[in-house]
Amino acid sequence: MLDALLDRTVVCSFDRTGYARHARRFEPAAERDLEDRDVLLTGGTAGIGRAAAEALVSRGARVHLWGRGVEAGRATVQALGARARFTSVDLGDLEAVGQAARDLPVTAPAAVVLNAGAMPWARQLTPQGHELVWASQVLGHLLLLRVLRARGALASDTRVVWVSSGGLYAQRLSLDDLRRDRGYQRHTVYANAKRAQLVLAQELAARWPTLHEAVMHPGWVRTEAVRGAMPIFYRLTLPILRTPAQGADTIVWLATTSTPRPAGRLWLDRAAQPDHLRAGTREAPEDRAALVETVFAATDPWVEGPDGPSQREAAS
(Lines give C-alpha, C1' and ligand atoms only; values in the text may rest on other atoms or scores of the structure.)
Protein backbone atom coordinates (compact mmCIF):
# COMPACT_ATOMS: atom_id res chain seq x y z
CA MET A 1 0.00 0.00 0.00
CA LEU A 2 2.76 2.45 0.92
CA ASP A 3 4.65 1.65 -2.30
CA ALA A 4 1.53 2.34 -4.34
CA LEU A 5 0.95 5.66 -2.60
CA LEU A 6 4.57 6.71 -3.12
CA ASP A 7 4.41 5.77 -6.80
CA ARG A 8 1.38 8.01 -7.29
CA THR A 9 3.49 10.99 -6.32
CA VAL A 10 5.62 10.41 -9.48
CA VAL A 11 8.59 12.08 -7.78
CA CYS A 12 9.06 9.20 -5.36
CA SER A 13 8.69 6.73 -8.21
CA PHE A 14 10.88 8.30 -10.90
CA ASP A 15 13.72 9.33 -8.55
CA ARG A 16 16.49 7.21 -7.04
CA THR A 17 14.43 6.37 -3.94
CA GLY A 18 11.79 4.94 -6.26
CA TYR A 19 14.40 2.77 -7.92
CA ALA A 20 15.67 1.56 -4.54
CA ARG A 21 12.14 0.60 -3.45
CA HIS A 22 11.35 -1.09 -6.73
CA ALA A 23 14.67 -2.95 -6.81
CA ARG A 24 13.74 -4.76 -3.60
CA ARG A 25 11.14 -6.72 -5.56
CA PHE A 26 13.53 -7.69 -8.37
CA GLU A 27 13.83 -11.44 -8.65
CA PRO A 28 16.68 -13.35 -10.27
CA ALA A 29 15.72 -14.03 -13.87
CA ALA A 30 17.17 -16.56 -16.26
CA GLU A 31 19.10 -14.76 -18.97
CA ARG A 32 19.64 -15.65 -22.59
CA ASP A 33 23.14 -16.53 -23.68
CA LEU A 34 24.38 -13.36 -25.40
CA GLU A 35 27.91 -14.63 -26.00
CA ASP A 36 28.83 -13.37 -29.48
CA ARG A 37 25.24 -12.31 -30.17
CA ASP A 38 24.72 -8.93 -31.81
CA VAL A 39 22.89 -6.03 -30.19
CA LEU A 40 22.20 -2.77 -32.01
CA LEU A 41 21.92 0.26 -29.74
CA THR A 42 21.24 3.81 -30.91
CA GLY A 43 22.53 6.67 -28.81
CA GLY A 44 24.92 4.45 -26.92
CA THR A 45 27.91 6.73 -26.33
CA ALA A 46 26.72 8.56 -23.21
CA GLY A 47 24.31 8.43 -20.32
CA ILE A 48 21.73 5.67 -20.20
CA GLY A 49 22.76 4.25 -23.57
CA ARG A 50 26.40 4.00 -22.52
CA ALA A 51 25.41 2.24 -19.29
CA ALA A 52 23.27 -0.22 -21.24
CA ALA A 53 26.12 -0.86 -23.66
CA GLU A 54 28.51 -1.58 -20.81
CA ALA A 55 26.08 -4.06 -19.26
CA LEU A 56 25.45 -5.85 -22.56
CA VAL A 57 29.15 -6.10 -23.39
CA SER A 58 29.75 -7.55 -19.92
CA ARG A 59 27.32 -10.32 -20.86
CA GLY A 60 29.33 -11.21 -23.96
CA ALA A 61 27.29 -9.37 -26.60
CA ARG A 62 28.77 -7.61 -29.62
CA VAL A 63 27.27 -4.14 -29.35
CA HIS A 64 26.83 -2.03 -32.46
CA LEU A 65 26.53 1.59 -31.42
CA TRP A 66 24.90 4.23 -33.60
CA GLY A 67 25.35 7.91 -32.90
CA ARG A 68 26.29 11.24 -34.45
CA GLY A 69 29.43 12.09 -32.50
CA VAL A 70 32.47 10.44 -34.05
CA GLU A 71 34.83 11.34 -31.22
CA ALA A 72 32.38 10.13 -28.58
CA GLY A 73 31.93 6.93 -30.56
CA ARG A 74 35.63 6.28 -30.77
CA ALA A 75 36.08 6.95 -27.06
CA THR A 76 33.23 4.57 -26.20
CA VAL A 77 34.63 1.77 -28.37
CA GLN A 78 38.04 2.24 -26.82
CA ALA A 79 36.53 1.99 -23.34
CA LEU A 80 34.31 -1.01 -24.08
CA GLY A 81 36.86 -3.00 -26.03
CA ALA A 82 36.73 -5.39 -28.95
CA ARG A 83 33.06 -6.28 -28.51
CA ALA A 84 31.95 -2.73 -29.32
CA ARG A 85 31.60 -1.20 -32.77
CA PHE A 86 30.52 2.32 -33.71
CA THR A 87 28.82 3.73 -36.79
CA SER A 88 28.27 7.45 -37.22
CA VAL A 89 24.61 7.88 -38.18
CA ASP A 90 22.30 10.88 -37.88
CA LEU A 91 18.97 9.27 -36.88
CA GLY A 92 17.14 12.31 -38.23
CA ASP A 93 18.47 11.85 -41.77
CA LEU A 94 16.28 9.11 -43.21
CA GLU A 95 18.47 8.55 -46.25
CA ALA A 96 21.48 8.00 -43.97
CA VAL A 97 19.49 5.69 -41.67
CA GLY A 98 18.26 3.60 -44.58
CA GLN A 99 21.75 3.20 -46.00
CA ALA A 100 23.31 2.39 -42.63
CA ALA A 101 20.60 -0.19 -41.90
CA ARG A 102 21.18 -1.86 -45.26
CA ASP A 103 24.93 -1.92 -44.64
CA LEU A 104 24.74 -3.18 -41.06
CA PRO A 105 26.74 -6.45 -40.87
CA VAL A 106 24.20 -8.10 -38.61
CA THR A 107 21.61 -10.84 -39.00
CA ALA A 108 19.40 -12.13 -36.22
CA PRO A 109 20.38 -9.60 -33.54
CA ALA A 110 19.51 -10.55 -29.99
CA ALA A 111 18.14 -7.05 -29.40
CA VAL A 112 17.61 -3.69 -31.01
CA VAL A 113 17.59 -0.89 -28.44
CA LEU A 114 16.09 2.35 -29.76
CA ASN A 115 17.57 4.82 -27.32
CA ALA A 116 18.79 7.88 -29.25
CA GLY A 117 17.00 11.04 -28.20
CA ALA A 118 17.46 14.73 -27.60
CA MET A 119 15.46 17.87 -26.83
CA PRO A 120 16.88 20.72 -28.94
CA TRP A 121 16.31 24.26 -27.69
CA ALA A 122 15.29 25.47 -31.15
CA ARG A 123 13.37 23.96 -34.05
CA GLN A 124 15.55 22.17 -36.59
CA LEU A 125 14.57 20.55 -39.86
CA THR A 126 16.22 17.43 -41.25
CA PRO A 127 17.45 16.98 -44.85
CA GLN A 128 14.05 15.51 -45.68
CA GLY A 129 12.20 18.49 -44.16
CA HIS A 130 10.98 16.82 -40.97
CA GLU A 131 11.24 18.36 -37.51
CA LEU A 132 14.34 16.87 -35.88
CA VAL A 133 12.86 15.34 -32.70
CA TRP A 134 10.06 13.62 -34.62
CA ALA A 135 12.43 12.48 -37.35
CA SER A 136 15.16 11.10 -35.11
CA GLN A 137 13.12 9.53 -32.34
CA VAL A 138 10.13 8.23 -34.29
CA LEU A 139 10.78 8.08 -38.04
CA GLY A 140 14.46 7.12 -37.89
CA HIS A 141 13.88 4.32 -35.42
CA LEU A 142 10.90 2.98 -37.36
CA LEU A 143 12.91 3.07 -40.59
CA LEU A 144 15.73 1.14 -38.96
CA LEU A 145 13.32 -1.61 -37.95
CA ARG A 146 11.61 -1.66 -41.34
CA VAL A 147 14.85 -1.98 -43.30
CA LEU A 148 16.17 -4.71 -41.00
CA ARG A 149 12.89 -6.55 -41.35
CA ALA A 150 12.90 -6.16 -45.15
CA ARG A 151 16.43 -7.60 -45.19
CA GLY A 152 15.29 -10.59 -43.16
CA ALA A 153 17.74 -9.47 -40.50
CA LEU A 154 15.37 -9.70 -37.54
CA ALA A 155 14.96 -13.05 -35.82
CA SER A 156 11.97 -14.45 -34.01
CA ASP A 157 13.81 -13.96 -30.72
CA THR A 158 14.92 -10.38 -31.41
CA ARG A 159 13.89 -8.06 -28.58
CA VAL A 160 13.03 -4.51 -29.64
CA VAL A 161 13.28 -2.05 -26.76
CA TRP A 162 12.05 1.52 -27.25
CA VAL A 163 13.53 3.89 -24.67
CA SER A 164 10.84 6.44 -23.97
CA SER A 165 10.39 9.00 -21.20
CA GLY A 166 8.04 9.60 -18.31
CA GLY A 167 7.28 12.84 -20.10
CA LEU A 168 4.86 10.92 -22.31
CA TYR A 169 2.38 10.97 -19.42
CA ALA A 170 1.89 14.70 -19.96
CA GLN A 171 0.98 14.44 -23.64
CA ARG A 172 -1.87 13.24 -25.81
CA LEU A 173 -0.76 12.01 -29.21
CA SER A 174 -0.93 14.85 -31.73
CA LEU A 175 -0.23 14.62 -35.45
CA ASP A 176 -1.05 18.27 -36.05
CA ASP A 177 1.76 20.44 -37.43
CA LEU A 178 4.52 17.84 -37.07
CA ARG A 179 6.99 20.21 -38.75
CA ARG A 180 6.18 22.80 -36.05
CA ASP A 181 5.72 25.54 -38.61
CA ARG A 182 3.29 27.26 -36.23
CA GLY A 183 5.61 27.30 -33.24
CA TYR A 184 8.12 25.12 -31.43
CA GLN A 185 7.62 24.24 -27.77
CA ARG A 186 10.38 21.78 -27.13
CA HIS A 187 8.93 20.02 -24.08
CA THR A 188 5.67 19.39 -25.92
CA VAL A 189 7.48 18.25 -29.07
CA TYR A 190 9.61 15.82 -27.08
CA ALA A 191 6.70 14.43 -25.04
CA ASN A 192 4.64 13.97 -28.20
CA ALA A 193 7.44 11.96 -29.82
CA LYS A 194 7.70 9.80 -26.70
CA ARG A 195 3.94 9.23 -26.66
CA ALA A 196 4.12 8.32 -30.36
CA GLN A 197 6.86 5.77 -29.62
CA LEU A 198 4.60 3.93 -27.20
CA VAL A 199 1.60 3.93 -29.53
CA LEU A 200 3.73 2.92 -32.50
CA ALA A 201 5.41 0.08 -30.61
CA GLN A 202 1.99 -1.28 -29.68
CA GLU A 203 0.77 -1.04 -33.26
CA LEU A 204 3.93 -2.73 -34.55
CA ALA A 205 3.54 -5.50 -31.99
CA ALA A 206 0.17 -6.28 -33.56
CA ARG A 207 1.48 -5.89 -37.12
CA TRP A 208 4.70 -7.86 -36.57
CA PRO A 209 3.79 -10.47 -33.95
CA THR A 210 7.04 -12.40 -34.34
CA LEU A 211 8.99 -9.48 -32.85
CA HIS A 212 9.02 -8.80 -29.12
CA GLU A 213 8.25 -5.06 -28.87
CA ALA A 214 8.58 -3.37 -25.48
CA VAL A 215 8.79 0.21 -24.29
CA MET A 216 10.45 1.44 -21.13
CA HIS A 217 11.09 4.73 -19.44
CA PRO A 218 14.10 5.13 -17.18
CA GLY A 219 12.78 7.57 -14.59
CA TRP A 220 14.77 10.70 -13.78
CA VAL A 221 18.43 10.06 -14.52
CA ARG A 222 21.59 12.09 -13.95
CA THR A 223 22.97 12.54 -17.47
CA GLU A 224 24.63 15.29 -19.43
CA ALA A 225 21.68 15.23 -21.82
CA VAL A 226 19.27 16.08 -19.01
CA ARG A 227 21.56 18.77 -17.68
CA GLY A 228 21.83 20.37 -21.12
CA ALA A 229 18.14 20.11 -21.99
CA MET A 230 16.63 20.97 -18.60
CA PRO A 231 19.25 22.82 -16.54
CA ILE A 232 16.86 24.16 -13.90
CA PHE A 233 15.20 20.78 -13.39
CA TYR A 234 18.63 19.16 -13.23
CA ARG A 235 19.92 21.60 -10.61
CA LEU A 236 16.84 21.27 -8.41
CA THR A 237 16.61 17.48 -8.58
CA LEU A 238 20.28 16.53 -8.70
CA PRO A 239 20.32 14.96 -5.20
CA ILE A 240 17.52 12.56 -6.11
CA LEU A 241 18.38 11.67 -9.73
CA ARG A 242 19.13 8.07 -10.62
CA THR A 243 22.48 6.89 -11.88
CA PRO A 244 22.72 5.97 -15.59
CA ALA A 245 23.09 2.32 -14.62
CA GLN A 246 19.84 2.46 -12.66
CA GLY A 247 18.12 4.13 -15.60
CA ALA A 248 19.46 1.46 -17.96
CA ASP A 249 18.54 -1.52 -15.76
CA THR A 250 15.16 -2.19 -17.36
CA ILE A 251 16.62 -1.89 -20.87
CA VAL A 252 19.10 -4.64 -20.06
CA TRP A 253 16.43 -6.74 -18.31
CA LEU A 254 14.08 -6.53 -21.30
CA ALA A 255 16.90 -7.37 -23.72
CA THR A 256 18.39 -10.27 -21.79
CA THR A 257 15.73 -12.20 -19.88
CA SER A 258 15.03 -15.60 -21.39
CA THR A 259 11.25 -15.13 -21.13
CA PRO A 260 10.01 -12.28 -23.35
CA ARG A 261 7.76 -9.74 -21.70
CA PRO A 262 4.19 -9.13 -22.96
CA ALA A 263 4.36 -7.24 -26.25
CA GLY A 264 3.67 -3.53 -26.40
CA ARG A 265 3.75 -2.84 -22.66
CA LEU A 266 5.37 0.13 -20.97
CA TRP A 267 7.88 -0.71 -18.24
CA LEU A 268 9.63 1.05 -15.38
CA ASP A 269 11.97 -0.78 -13.02
CA ARG A 270 11.02 -4.20 -14.42
CA ALA A 271 7.30 -3.66 -13.76
CA ALA A 272 4.53 -2.96 -16.26
CA GLN A 273 3.14 0.55 -16.06
CA PRO A 274 -0.13 2.17 -17.16
CA ASP A 275 -0.07 3.81 -20.59
CA HIS A 276 -1.85 6.89 -19.21
CA LEU A 277 -2.06 8.65 -15.88
CA ARG A 278 -4.71 11.15 -17.04
CA ALA A 279 -7.76 10.44 -19.16
CA GLY A 280 -7.11 13.50 -21.29
CA THR A 281 -3.98 11.93 -22.78
CA ARG A 282 -5.79 8.91 -24.25
CA GLU A 283 -5.74 8.66 -28.02
CA ALA A 284 -8.70 7.50 -30.11
CA PRO A 285 -8.42 4.44 -32.39
CA GLU A 286 -8.43 6.73 -35.41
CA ASP A 287 -5.45 8.61 -33.97
CA ARG A 288 -3.51 5.37 -33.69
CA ALA A 289 -4.37 4.42 -37.27
CA ALA A 290 -3.40 7.89 -38.49
CA LEU A 291 -0.03 7.62 -36.73
CA VAL A 292 0.78 4.34 -38.48
CA GLU A 293 -0.27 5.76 -41.84
CA THR A 294 1.76 8.92 -41.32
CA VAL A 295 5.02 7.31 -40.21
CA PHE A 296 4.90 4.51 -42.75
CA ALA A 297 4.30 6.99 -45.57
CA ALA A 298 7.23 9.11 -44.37
CA THR A 299 9.62 6.14 -44.31
CA ASP A 300 8.35 4.27 -47.40
CA PRO A 301 10.89 5.78 -49.85
CA TRP A 302 13.78 4.02 -48.10
CA VAL A 303 12.22 0.56 -47.70
CA GLU A 304 12.31 -2.26 -50.20
CA GLY A 305 11.23 -5.87 -49.94
CA PRO A 306 8.42 -7.50 -47.97
CA ASP A 307 7.61 -4.39 -45.96
CA GLY A 308 7.97 -1.89 -48.79
CA PRO A 309 5.10 0.31 -49.99
CA SER A 310 4.32 -1.65 -53.15
CA GLN A 311 3.89 -4.89 -51.22
CA ARG A 312 1.73 -3.24 -48.58
CA GLU A 313 -0.50 -1.63 -51.22
CA ALA A 314 -0.90 -4.96 -53.04
CA ALA A 315 -1.93 -6.63 -49.80
CA SER A 316 -4.50 -3.97 -48.88
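In summary, R288 and E283 engage in a salt bridge, as defined by a charged side-chain N under 4.0 Å from a carboxylate O. Between R182 and D176 there is a salt bridge, since at least one side-chain N of the basic residue sits less than 4.0 Å from a carboxylate O of the acidic one. Classification of E31 and R59 as a salt-bridged pair holds, one side-chain N sitting under 4.0 Å from a carboxylate O. Look at D275 and R265 and you find no salt bridge, because none of the NZ, NE, NH1 or NH2 atoms lies under 4.0 Å from a carboxylate O. D15 and R242 are not joined by a salt bridge, as no carboxylate oxygen comes within less than 4.0 angstrom of a charged side-chain nitrogen.
The number of heavy atoms from other shown groups lying within 6.0 Å of CG (L236) is above 12. Within 6.0 Å of CZ in R8 there are 12 or fewer heavy atoms belonging to other residues, nucleotides or ligands. Within a 6.0 Å sphere centred on CZ of R68, heavy atoms belonging to other residues, nucleotides or ligands number 12 at most. By the neighbour-count criterion of 12 heavy atoms within 6.0 Å, atom CD of Q99 is densely surrounded, having more than that number from other residues, nucleotides or ligands. Within a 6.0 Å sphere centred on CD of E286, heavy atoms belonging to other residues, nucleotides or ligands number more than 12.
Judged purely by atom type and a 3.5 angstrom limit, Q273 uses its side chain to pair as donor or acceptor with the backbone of A271. In this structure, the side chain of T107 does not engage the main chain of A153 through any donor-acceptor pair within 3.5 Å. Judged by distance alone, the side chain of R50 and the main-chain N or O of G43 form no donor-acceptor pair under 3.5 Å. Here the side chain of Y169 pairs a donor or acceptor atom with the backbone of P274 at under 3.5 angstrom. Between the Q128 side chain and the L94 main chain, a donor and an acceptor come within less than 3.5 Å of each other. With hydrogens and angles ignored, the 3.5 Å screen pairs no side-chain donor or acceptor of E203 with any backbone N or O of A289. Judged by distance alone, the side chain of R151 and the main-chain N or O of D103 form no donor-acceptor pair under 3.5 Å. Looking only at distances, a side-chain donor or acceptor of R159 sits under 3.5 Å from a matching main-chain atom of T257. Within the 3.5 Å criterion, the main-chain N or O of A116 finds a donor-acceptor partner in the side chain of T42. At least one donor-acceptor pair under 3.5 Å links the side chain of R172 to the backbone N or O of R282.
A single hydrophobic cluster is seen to contain both V97 and L139, as judged by linkage of ILVMFWY side chains at heavy-atom distances under 4.5 Å, directly or through other members. In terms of hydrophobic clustering, with Ile, Leu, Val, Met, Phe, Trp and Tyr side chains grouped at heavy-atom distances under 4.5 Å, L41 and L142 are assigned to different clusters. Connection of V295 to V199 is established within a shared hydrophobic cluster, with ILVMFWY side chains joined at heavy-atom distances below 4.5 Å, either directly or through further cluster members. Cluster membership for I48 and V39, using ILVMFWY side-chain heavy atoms within less than 4.5 angstrom, is shared. L91 and L178 fall within a single hydrophobic cluster, where Ile, Leu, Val, Met, Phe, Trp and Tyr side chains are chained together by heavy-atom contacts under 4.5 Å.
The structure places CG of L168 at 6.0 Å from CG of L266, a figure rounded to the nearest 0.5 Å. Atom OG of S136 is separated from atom CG of L114 by 12.0 Å, given to the nearest 0.5 angstrom. Note that OG1 of T126 is 11.0 Å distant from CD of E95, once rounded to the nearest 0.5 Å. Distance check, rounded to the nearest 0.5 Å: OG1 of T299 to NE2 of H141 gives 13.5 Å. A distance of 5.5 Å separates CG in L144 from CG in L40, rounded to the nearest 0.5 Å. Put simply, CG on L254 and CZ on R261 are 7.5 Å apart, with the number rounded to the nearest 0.5 Å.
Applying the ring-ring contact (aromatic ring centres under 6.0 Å, His included) test to W267 and every residue at least two apart in sequence or in another chain returns W253. In terms of the salt bridge (Lys or Arg N to Asp or Glu O under 4.0 Å) criterion, residue partners of R62 (sequence neighbours excluded) are, by chain and number, D36, D38.
Considering all non-hydrogen atoms of both residues, P218 and S164 come closest at CD-O, 3.5 Å. Heavy atoms only, all atoms of each residue included: G92 and A135 are closest at O-CB, 3.8 Å. When all heavy atoms of S13 and D269 are compared, the closest pair comes out as O-OD2, 4.4 Å. Shortest non-hydrogen contact noted between T76 and G44 is CG2-O, 3.9 Å. The heavy-atom pair separating A206 from P209 by the smallest distance is O-CD, 3.8 Å. When every heavy atom of V138 is checked against every heavy atom of A193, the shortest pair comes out as CG2-O, 3.7 Å.
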Handout entry: Residue pair R83, E35: steps toward the side chain to side chain contact (heavy atoms under 4.5 Å, CB included) verdict
Key = CA-CA 10 Å; R83 293 186 183 274; E35 190 70 26; 2.7 Å; yes
Practice task
Start with the C-alpha gap between K194 and Q171, add the side-chain angles, then the distance that decides, and say whether side-chain hydrogen bond (donor to acceptor under 3.5 Å, both in side chains) holds.
Solution key: CA-CA 9 Å; K194 293 305 183 182; Q171 183 64 35; over 6 Å; no
Problem - side chain to side chain contact (heavy atoms under 4.5 Å, CB included) between Q202 and L198, worked out - result: CA-CA 6 Å; Q202 292 170 344; L198 175 58; 3.6 Å; yes
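Side-chain contact between W134 and R180 is absent, with no heavy atoms from C-beta onward closer than 4.5 Å.
Two rings, from F14 and H217, have their centers less than 6.0 Å apart. Aromatic ring centres of F86 and W66: separated by at least 6.0 Å.
For the pair R207 and F296, the cation sits on the ring face: its NZ or CZ lies under 6.0 Å from the ring centre, inside 45° of the axis.
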